[in-house]
Amino acid sequence: MPWRTGPEAWRAGERPDPYRVWLSEVMLQQTTVAAVRDYFRRFTARWPDVHALAAAADADVMAEWAGLGYYARARNLLKCARVVSHDLDGRFPETVEELRKLPGIGPYTAGAIAAIAFDAPAVVVDGNVERVVARIFAVTDPLPGVKPELTRLAECLTPQERPGCHAQAMMDLGATICSPRNPACGLCPVRVDCAGYDAGLQAELPRKAPKPEKPVRRGFAYVAVGPAGGVLLERRPEKGLLGGTLGFPGSDWCEAPDPAPPFAADWQEAGSLRHTFTHFHLDLTVMVARAARPGMTPKAQFRPADLPTLMRKAWNIAEAAISSQQG
DNA sequence: TATCCGTGGCT
DNA sequence: TAGCCAAGGAT
């Protein structure tokens with residue numbers, strides 16, 4: 001993501017490709033640059049422009065996104081690519097208002113695309129900017145309630161001149177020097193204007209409302225392996241947790257689930273794992289059986305990397321159990 | 001306005 | 001190593 005490495009990439013006057021800006025900003029929602037980098041490279045290599053992505057099969061995009069999380073982003077990414085490709089002649093809108101109408105583009109992403117790709121005077125407020133602004137103005141009220149105030153203050157700082165450069169600089173400052181813990185105030189170019197630093201509050205801003213604790217749910221997953229090494233997979237419903245991703249059949253996830261084998265077989269317990277989602281912990285018991293079933297994915301076409309992380313963990317446990325059974 | 005969405009890195 | 005933490009959009 002060249003335009004995220006610093007202002008050098010577009011100081012010469014060239015603008016980054018809106019398709020790449022959009023793709024990277026969607027990937028960067030709730031996700032670090034380090035986690036995104038390889039995914040971005042693979043997506044742009046495989047689908048170099050919005051028309052190519054719009055023409056991709058849903059399953060291919062979901063497989064390429066596997067492991068990155070928040071799978072609604074991948075579904076909305078495809079919807080958005082198809083609108084831009086088919087209805088907008090492959091051109092992304094240049095205003096925040098029009099960008100906001102596209103699937104998966106909210107206030108932050110619309111502002112980021114407008115500012116970075118089109119150098120529009122958009123107000124771009126992500127978590128980094130919220131932190132920088134809270135510190136500069138020593139805002140002590142907690143998020144998320146104080147977010148509108150932080151947005152207003154960020155707006156005051158946005159210049160008419162080179163707004164894209166400013167947006168980029170604010171996010172870079174937050175991502176590097178003005179970090180969540182142990183901010184490097186000694187290196188900070190705006191320390192002399194920072195009320196948070198003056199008050200000695202920089203490390204504890206922005207304040208956040210306490211989060212509710214996560215309940216523990218339990219569940220069973222069933223990994224059936226055929227004589228030739230095929231596995232039984234199913235695609236999850238479009239909506240809800242891990243929506244649209246591939247996985248193993250299983251039980252409900254709740255406080256006390258009933259076992260729910262997809263068919264009768266000699267199911268053996270292979271092990272269990274804990275996986276933490278946004279709002280609960282899941283203790284998953286992995287069951288395995290040797291069995292031939294119609295509709296199995298052949299061994300040669302099964303790539304664990306195409307699964308979301310939870311199911312990849314389940315596969316690792318199942319595979320270890322099966323290979324030790326074989327001796 | 002509140003709740004639902006994953007993951008990986010850090011401590 | 002287990003828990004904590006960071007961080008946008010949709011509904």
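A note on names: the letters A, B, ... follow the listed sequences, proteins ahead of strands, and every chain is numbered from 1. Bear in mind the structure is a predicted one, so any value in this text is a computation, not a measurement.
- Separating the CZ atom of A:R100 from the C1' atom of C:dG9 is a distance of 8 Å, rounded to the nearest angstrom.
- For DNA chain B, none of the residues of residues 132-146 of chain A falls under the heavy-atom distance limit of 4.0 Å.
- Note that A:R37 lies outside the cation-pi zone of A:F40, set by a 6.0 Å cut-off to the ring centre and a 45° limit from the axis.
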When the side chains of residues 231-242 of chain A are checked against the rest of the protein, which donor-acceptor pairs come out under 3.5 Å, sequence neighbours left out?
residue	atom	partner	partner atom	Å
A:R235	NH1	A:G244	O	2.8
A:R236	NE	A:L241	O	3.3
A:R236	NH2	A:L241	O	3.4

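- In this structure, A:E213 places its CD atom 14 Å from C1' of C:dC4, rounding to the nearest Å.
- The distance between atom CE of A:M171 and atom C1' of C:dG8, rounded to the nearest whole Å, is 13 Å.
- By the salt bridge (Lys or Arg N to Asp or Glu O under 4.0 Å) test, A:K101 is found to be paired with A:E98, residues two or more places apart in sequence or in another chain being considered.
- Under the rule for a side chain to side chain contact (heavy atoms under 4.5 Å, CB included), the partners of A:A63 that lie at least two apart in sequence or sit in another chain are A:D306.
- The CE atom of A:M170 sits 14 Å away from the P atom of C:dA7 (whole-angstrom rounding).
- For the P atom pair drawn from C:dC5 and B:dC5, the interatomic distance equals 22 Å after rounding to whole Å.
- Remark: aromatic rings of A:H279 and A:F277 are distant, center separation not under 6.0 Å.
- For the pair A:L77 CG and B:dC5 C1', the interatomic distance rounds to 16 Å; values are reported in whole Å.
- Sequence neighbours left out, not one pair with a member in residues 210-229 of chain A passes side-chain hydrogen bond (donor to acceptor under 3.5 Å, both in side chains).
- Computed from coordinates, the A:K211 NZ to C:dG3 C1' distance equals 12 Å when rounded to whole Å.
- Applying the salt bridge (Lys or Arg N to Asp or Glu O under 4.0 Å) test to A:R100 and every residue at least two apart in sequence or in another chain returns nothing.
- Using atom P as the reference point in both C:dA7 and B:dT11, the two lie 15 Å apart (nearest Å).
- Aromatic pair A:W267/A:F220: ring centres not closer than 6.0 Å.
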Atom pairs, protein N/O to nucleotides 1-3 of chain B N/O, distance under 3.5 Å:
none

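- Contact annotation: A:N76 does not reach the phosphate of C:dG9 (side-chain N/O to OP1 or OP2, under 4.0 Å).
- Rounding to whole angstrom units, CG of residue A:L205 and C1' of C:dC5 are separated by 17 Å.
- Sorted by first and then second residue, the side-chain hydrogen bond (donor to acceptor under 3.5 Å, both in side chains) pairs with a member in residues 150-160 of chain A read A:E149-A:R152; sequence neighbours excluded.
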* To do: Let me have a per-nucleotide readout for nucleotides 6-11 of chain B, 5' to 3', with B, S or -, counting only protein heavy atoms under 4.0 Å.
  => BBS---
For residues 174-202 of chain A, which side-chain donor-acceptor pairs fall under 3.5 Å, sequence neighbours excluded?
residue	atom	partner	partner atom	Å
A:T176	OG1	A:D172	O	2.7
A:S179	OG	A:R181	O	3.0
A:R191	NH1	A:C185	O	3.2

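- Toward the 5' end of DNA chain C, the nearer of the two residues A:V125 and A:K239, judged by each one's closest nucleotide, is A:V125.
- With sequence neighbours left out, the salt bridge (Lys or Arg N to Asp or Glu O under 4.0 Å) criterion links A:D89 to A:R91.
- Taking atom CG of residue A:N128 and atom P of nucleotide C:dA7, one finds them 5 Å apart after rounding to whole Å.
- Using a 4.0 Å heavy-atom distance criterion, A:R131 is classed as a sugar-phosphate-only contact.
- By the salt bridge (Lys or Arg N to Asp or Glu O under 4.0 Å) test, A:K299 pairs with no residue at all, sequence neighbours left out.
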